[in-house]
A.B. asks: 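Input: one structure, supplied below.
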Amino acid sequence: LKKILILGAGGFAREACLHILDTVSNCDIAFYDDFPKSDNLKIKNKVFKIYKNFEFAQSEGFKEFIIGVGIPNTKILLTKKAFESGLQAHDTIVHPKAHIQDAQIGVGGIICPGVILTTNITIGDFVVLNLNTTIGHDAFIGDFSTCNPGASISGLCRLEESVYFGVGAATKEGISISEGVTIGGQAFVTKSITISGSTWVGVPAKELKH
Ligand SMILES: CC(C)(COP(=O)(O)OP(=O)(O)OC[C@H]1O[C@@H](n2cnc3c(N)ncnc32)[C@H](O)[C@@H]1OP(=O)(O)O)[C@@H](O)C(=O)NCCC(=O)NCCS
């Protein structure tokens, strides 16, 4: 029996639970949340425990984790706590309905149904590639980055660490995006973004300044 702890207990964590159950046979799943709204989650009529203490989860056999949140800064906080408590990252979960042709993939992340990765692609640690994300040749996705459903990353693009790439957004080929950048839903990124932590929206994407 494989035991996997999902970090987070929100909507994406519940989706991640189903993706893991589709992928790993004979698997026992539980959740971790700093401030859980209840003691457990009910998914498809099955009850899953939510821990708020990593030591307790470990004592009950949960020694490996997968990230279950999309926001990069939350991923960083949760993985830091999990490592400090002695847990280890499980290999990234690659759903059987994802099509992975030629990619190097890190640990602790999740690659959802419908994702397509073609050739010479590098995916870092704790990366979430949500439903139907496509990533073209020679692309690089940095640690803690998230691509929301339907993201299209063209060939030769580079997303540095902790990029949050919005639902249905796309890049022109050969674009680099700096650390901590947010790309809004449905944006089209036509040139490299060098301002770390900035937010870009629209077609073509322009910086959103509050
Ligand atoms: C870009 C984004 C991060 C901005 O969020 P925010 O900082 O809370 O911004 P606000 O909602 O306050 O919007 C600020 C302005 O930007 C506009 N805006 C927000 N998102 C936009 C988008 N994706 N495209 C174009 N304009 C957008 C708003 O209409 C608003 O314009 P206004 O000031 O003229 O009214 C967010 O809207 C977004 O697109 N997030 C991605 C969501 C996603 O992928 N979800 C999937 C989860 S699985």
Side-chain angles (χ1 to χ4, degrees), residues 6-23 29 31-34 37 41 43-44 65-79 92-95 97-98 105 108-117 123-136 139 141-154 157-172 175-210:
I6 296 176
L7 304 190
F12 181 67
R14 285 187 287 121
E15 293 181 349
C17 173
L18 293 176
H19 299 328
I20 294 171
L21 290 173
D22 281 350
T23 307
I29 292 175
F31 296 85
Y32 170 87
D33 199 292
D34 284 333
K37 293 193 185 82
L41 280 176
I43 304 167
K44 276 176 88 180
F65 69 88
I66 285 288
I67 199 71
V69 297
I71 303 293
N73 282 343
T74 312
K75 292 182 183 177
I76 291 171
L77 288 174
L78 287 171
T79 53
T92 289
I93 296 292
V94 180
H95 191 277
K97 293 221 162 135
I105 300 170
I110 179 147
I111 296 186
C112 297
V115 170
I116 301 177
L117 307 183
I123 307 291
D125 297 335
F126 312 111
V127 168
V128 170
L129 301 180
N130 212 324
L131 307 167
N132 290 343
T133 290
T134 64
I135 302 197
I141 310 292
D143 298 345
F144 300 106
S145 288
T146 290
C147 292
N148 283 331
S152 304
I153 310 292
S154 297
C157 282
R158 192 175 168 91
L159 274 53
E160 298 296 346
E161 253 189 61
S162 299
V163 171
Y164 187 69
F165 200 88
V167 59
T171 61
K172 191 174 164 183
I175 294 299
S176 292
I177 299 181
S178 279
E179 192 177 325
V181 165
T182 297
I183 304 297
Q186 290 287 334
F188 184 58
V189 185
T190 56
K191 52 186 182 190
S192 290
I193 296 175
T194 55
I195 311 165
S196 300
S198 56
T199 298
W200 295 67
V201 297
V203 180
K206 303 265 189 237
E207 190 178 0
L208 178 65
K209 292 182 179 154
H210 285 288

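In this text, all values refer to a predicted model and were calculated from it rather than measured experimentally. Whatever order the structure lists ligands and atoms in, that order sets their numbers, starting from 1.
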A.B. asks: In terms of relative ring orientation, are H95 and H19 parallel, tilted or perpendicular, with 30° and 60° separating the classes?
C.D. replies: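 H95 vs H19 ring planes: perpendicular.
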A.B. asks: Checking contacts now, so for atom 39 (O) of ligand 1, which I'm interested in, is there any protein heavy atom under 4.0 Å?
C.D. replies: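 True for atom 39 (O) of ligand 1.
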A.B. asks: Sub-3.5 Å donor-acceptor pair from the side chain of K75 to the main-chain atoms of F126, do we have one?
C.D. replies: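 Here the side-chain-to-backbone pair exists.
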A.B. asks: Identify the protein heavy atom lying closest to atom 46 (C) of ligand 1, giving its residue, its atom name and the separation to 0.1 Å.
C.D. replies: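 Checking every protein heavy atom, the shortest distance to atom 46 (C) of ligand 1 gives N148 ND2, 3.5 Å.
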A.B. asks: Looking at atom 19 (C) of ligand 1, tell me if a protein heavy atom falls under 4.0 Å from it.
C.D. replies: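 No, there is no protein heavy atom closer to it than 4.0 Å.
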A.B. asks: Please determine if P149 has a nitrogen or oxygen closer than 3.5 Å to a nitrogen or oxygen of ligand 1.
C.D. replies: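 There is no such contact.
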A.B. asks: Under 4.0 Å, counting heavy atoms only: does A187 come that close to any atom of ligand 1?
C.D. replies: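 Contact check A187 vs ligand 1: negative.
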A.B. asks: Just which atoms of ligand 1 are under 4.0 Å from any heavy atom in G166?
C.D. replies: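 Per the distance check, 44 (O).
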A.B. asks: Has ligand 1 got any nitrogen or oxygen that is less than 3.5 angstrom from a nitrogen or oxygen of T199?
C.D. replies: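 There is no such contact.
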A.B. asks: Nearest protein heavy-atom contact for atom 41 (C) of ligand 1: which residue, which atom, what distance?
C.D. replies: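 Here the closest protein heavy atom is G185 N, 3.9 Å.
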A.B. asks: Name all residues meeting the side chain to side chain donor-acceptor pair (under 3.5 Å) criterion together with N148; count only those two or more places apart in sequence or in a different chain, and write none if there are none.
C.D. replies: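 With neighbours one apart ignored, the set is Y164.
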A.B. asks: Atom 24 (N) of ligand 1: which protein heavy atom is closest, and how many Å away?
C.D. replies: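 For atom 24 (N) of ligand 1, the nearest protein heavy atom comes out as V201 CB, 3.6 Å.
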A.B. asks: Please indicate, with yes or no, if any protein heavy atom is found under 4.0 Å from atom 29 (O) of ligand 1?
C.D. replies: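 No, there is none.
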A.B. asks: What's the spacing between I93 CD1 and I66 CD1 if we round to 0.5 Å?
C.D. replies: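 Answer rounded to 0.5 Å: 4.5 Å.
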A.B. asks: Give me the nearest non-hydrogen protein atom to atom 3 (C) of ligand 1 as residue plus atom name, then the distance to 0.1 Å.
C.D. replies: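 Looking at atom 3 (C) of ligand 1, the protein heavy atom closest to it is T182 CG2, 3.7 Å.
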A.B. asks: For atom 36 (C) of ligand 1, find the nearest protein heavy atom and state the residue, atom name and distance (0.1 Å precision).
C.D. replies: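 Ranking protein heavy atoms by distance from atom 36 (C) of ligand 1, first comes G184 CA, 4.9 Å.
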A.B. asks: Under the side chain to side chain contact (heavy atoms under 4.5 Å, CB included) criterion, do C17 and I6 qualify, and how do the steps go?
C.D. replies: CA-CA 7 Å; C17 173; I6 296 176; 3.8 Å; yes
A.B. asks: Checking the side chain of S152 only, and the main-chain atoms of T134 only, is there a donor and an acceptor separated by less than 3.5 Å?
C.D. replies: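 No, S152 side chain to T134 backbone: no donor-acceptor pair under 3.5 Å.
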A.B. asks: Examine F165 against ligand 1 and note whether any of their N/O atoms are separated by less than 3.5 Å.
C.D. replies: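 N/O-N/O distance under 3.5 Å: no.
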A.B. asks: Is the shortest distance from atom 8 (O) of ligand 1 to a protein heavy atom below 4.0 Å?
C.D. replies: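 Answer no: nothing from the protein, no heavy atom, is under 4.0 Å.
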A.B. asks: I'd like to know if atom 33 (O) of ligand 1 has any protein heavy atom within a distance of less than 4.0 Å.
C.D. replies: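 No, there is none.
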A.B. asks: Using a 4.5 Å cut-off on heavy atoms from C-beta on, say whether the side chain of D34 contacts that of L78.
C.D. replies: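 With C-beta onward as the side chain, the pair touches.
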A.B. asks: How far does CG of L7 sit from CG of L77, to the nearest 0.5 angstrom?
C.D. replies: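 Going from the CG atom of L7 to the CG atom of L77 covers 11.5 Å.
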A.B. asks: Using the side chain to side chain contact (heavy atoms under 4.5 Å, CB included) rule, pick out the option among T182, N130, T171, L129 that qualifies with F165.
C.D. replies: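 The residue from T182, N130, T171, L129 that satisfies side chain to side chain contact (heavy atoms under 4.5 Å, CB included) with F165 turns out to be T171.
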A.B. asks: For E207, what residues pass the side-chain contact (heavy atoms from CB on, under 4.5 Å) criterion, not counting sequence neighbours?
C.D. replies: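 With sequence neighbours excluded, E207 shows a side-chain contact (heavy atoms from CB on, under 4.5 Å) to I195, S198, W200, K209, given in chain and number order.
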A.B. asks: Among all protein heavy atoms, pick the one closest to atom 16 (O) of ligand 1 and tell me residue, atom and distance.
C.D. replies: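 Here the closest protein heavy atom is L208 CD1, 3.4 Å.
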A.B. asks: Nearest protein heavy atom to atom 10 (P) of ligand 1, by residue and atom, and its distance?
C.D. replies: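 Looking at atom 10 (P) of ligand 1, the protein heavy atom closest to it is H210 CE1, 4.4 Å.
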A.B. asks: Tell me whether T92 contacts the main-chain N or O of D125 through its side chain, where contact means a donor paired with an acceptor under 3.5 Å.
C.D. replies: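 Judged by distance alone, no pair lies under 3.5 Å.
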